[in-house]
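Here is the structure we will look at.
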There are 4 protein chains.
Amino acid sequence: MAGVNKVILVGNLGADPEVKHLEGDKVVANLRLATTEAYKDRTGNRVENTEWHDLELWDGQAKVAEQYLRKGSQIYVEGKIKSDTWQDDQGNNRKKVRIRVLSFTMLGSKNMGPDNPSSGSGQTAANPESVRGNQMAQQPSFENEEDGSDDLPF
Amino acid sequence: MAGVNKVILVGNLGADPEVKHLEGDKVVANLRLATTEAYKDRTGNRVENTEWHDLELWDGQAKVAEQYLRKGSQIYVEGKIKSDTWQDDQGNNRKKVRIRVLSFTMLGSKNMGPDNPSSGSGQTAANPESVRGNQMAQQPSFENEEDGSDDLPF
Amino acid sequence: MAGVNKVILVGNLGADPEVKHLEGDKVVANLRLATTEAYKDRTGNRVENTEWHDLELWDGQAKVAEQYLRKGSQIYVEGKIKSDTWQDDQGNNRKKVRIRVLSFTMLGSKNMGPDNPSSGSGQTAANPESVRGNQMAQQPSFENEEDGSDDLPF
Amino acid sequence: MAGVNKVILVGNLGADPEVKHLEGDKVVANLRLATTEAYKDRTGNRVENTEWHDLELWDGQAKVAEQYLRKGSQIYVEGKIKSDTWQDDQGNNRKKVRIRVLSFTMLGSKNMGPDNPSSGSGQTAANPESVRGNQMAQQPSFENEEDGSDDLPF
DNA sequence: TTTT
DNA sequence: TTTT
């Protein structure tokens, strides 16, 4: 039975992307994304609740993330839940949940162009929006290439 | 049969909100939201395609929109498709589609606090984020109050 | 600015798909989908509210729809809002909103296999699920091919 | 910063709901939901990939799940990702991810009314659709009551 | 009419 | 452990 497994997130990166260049031109980027919700509890105090998500991006999207995303970047993400399961040293079943990103969009980048360099850690992200546009257009087969197959090198 | 009718948009306002204060404390805000996608056509030229959406917000959300949203504001929107149908002067069946907003979030407002006043049209939106948080917490029954019933004054 | 324009629907078809085979192997299918929400009004009476959506599918998905969907079929749909604008005979600006379907899934088809022929209008939809699986796998580039470009023949 | 944390699933239950009635009228239901995607690998063989999700429902929704959902039931789910973190016996940081359900809809139940009793495990779910409609209408404050506050008894 |  |  075909199902649906969809995740939509808007949040900010807790750190710069961690990118690994693998054999065979494969690239993977891991991001930590925080989504925060605010509400008032029963006594009227404002409370913030932050959930941290482990995102995984591959190849073309990983390269875009490496080039343009930094700690603090706000992004919109679409993806799916994907878990790895294994047994640990004590023989216990373990499970790690990640969000496999299928597409993402940088948000609020109005002030992040070349004239407004982000004070990020490391190199500066310049003109991310037009590049994102190019990226999406240049790699029209990205989503399908990856979606479903998951023939990943580890 | 219960169904699902869900719309998710990220875009920018084409104009300031149009807000009407109605009898019985009812407030309605109408927004024009542009969602733009960019791609390359077959000849490699970058093409932009913009879709304009008519958004409708009520009461608490309409007031927040009135106070903090301006032409150009970038927002994340969740809502549902809602159409009005009628007959025009010639007796033709007409239909107008709107997005009934159930929740929205201002985006990229990291730099829009009191220290970074937006150069919007008209009054300045100050510190929208904390207010949005308060708003959502102060009106915990907003979504349900409105969702489904649609007992609107016109 | 890259935006997001996403629609998610679960509903039932109000009629069999209308399919047109165009020149150049192009195929378009138009579906009418009803999404119904039920709620109780202020006096406690159960009320149903049905919204009708005009769906548009192209090529591979249109063929799947033609072959397997019938009046009454329940489907999950993902797509985007897409409007056509023009001037009518009186010179008035007119706008028609459609949902451009990017992917769909048949639901509740447990009882719709060859042994449980749907009593639909016209031909019988046989074993839709496995075909849907094949379809999605055989046409891995379907989504991207269509998404964004919209180089449609009319 | 207000964020977005949204999950949309369509799948089948791997087992009957596990329901606990807690002190103070609190009820929690835990479901195991399978979402399966099918595709063809590079050699053309059909491959199925199933992801298992741990769902958590509270109070009104938990009661509806207890009454109408069974092993094999197909549902549409909307919720958010919610993780618990703790230290295990060895002092290692552990994390468990669940989907906190905010709303759900039974699918394909057209044939599951009293005249078509599901041959489920245990008691029979009768006429789930109208009940779901009633449920949603009778508990208009359900979503907001729970969403965000998470003042749960453990 | 937005945004880049 | 579901579903097809």
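Chain letters run A, B, ... following the sequence lines, proteins first, then strands; residues in each count from 1.
Rounded to whole Å, atom C1' of E:dT2 lies 15 Å from atom CZ of B:Arg70. With rounding to whole Å, B:Ile75 atom CD1 is found 15 Å from E:dT2 atom P. If you measure from atom OH of A:Tyr68 to atom C1' of E:dT4, you get 13 Å, rounded to the nearest angstrom. Rounded to whole Å, the distance from CG on B:Asp16 to C1' on E:dT2 is 12 Å. The separation between D:Leu13 atom CG and F:dT4 atom P is 13 Å, rounded to whole Å. When the P atom of E:dT2 is taken as reference, atom CH2 of B:Trp52 falls 6 Å away, rounded to whole Å. Residue D:Gln74 contributes atom CD, which lies 9 Å from atom P of F:dT4 at whole-angstrom precision. Per the geometry, CD belonging to B:Glu37 stands 18 Å off P belonging to E:dT4, to the nearest Å.
Judged by distance alone with a 3.5 Å cut-off, no donor-acceptor contact links the side chain of D:Thr35 to the base of F:dT2. Under 3.5 Å, the side chain of D:Thr36 and the base of F:dT4 form no donor-acceptor pair of N or O atoms.
For the pairing with B:Ile75, the side-chain contact (heavy atoms from CB on, under 4.5 Å) check across B:Thr105, B:Leu13, B:Leu107 returns one residue only, B:Leu13.
Here the straight-line distance linking atom CD of D:Glu37 with atom CG of A:Asn5 works out to 7.5 Å at 0.5 Å rounding.
Proximity note for B:Arg46 (side chain, C-beta onward) versus E:dT2, E:dT4, F:dT3: the nearest is E:dT4. Minimum atom distance to the side chain of B:Asn12 is reached by E:dT2, of the listed F:dT2, E:dT4, E:dT2.
Between D:Glu51 and A:Lys82 no salt bridge is recorded (no basic side-chain N to carboxylate O distance below 4.0 Å).
With hydrogens and angles ignored, the 3.5 Å screen pairs no side-chain donor or acceptor of D:Glu66 with any backbone N or O of D:Pro17.
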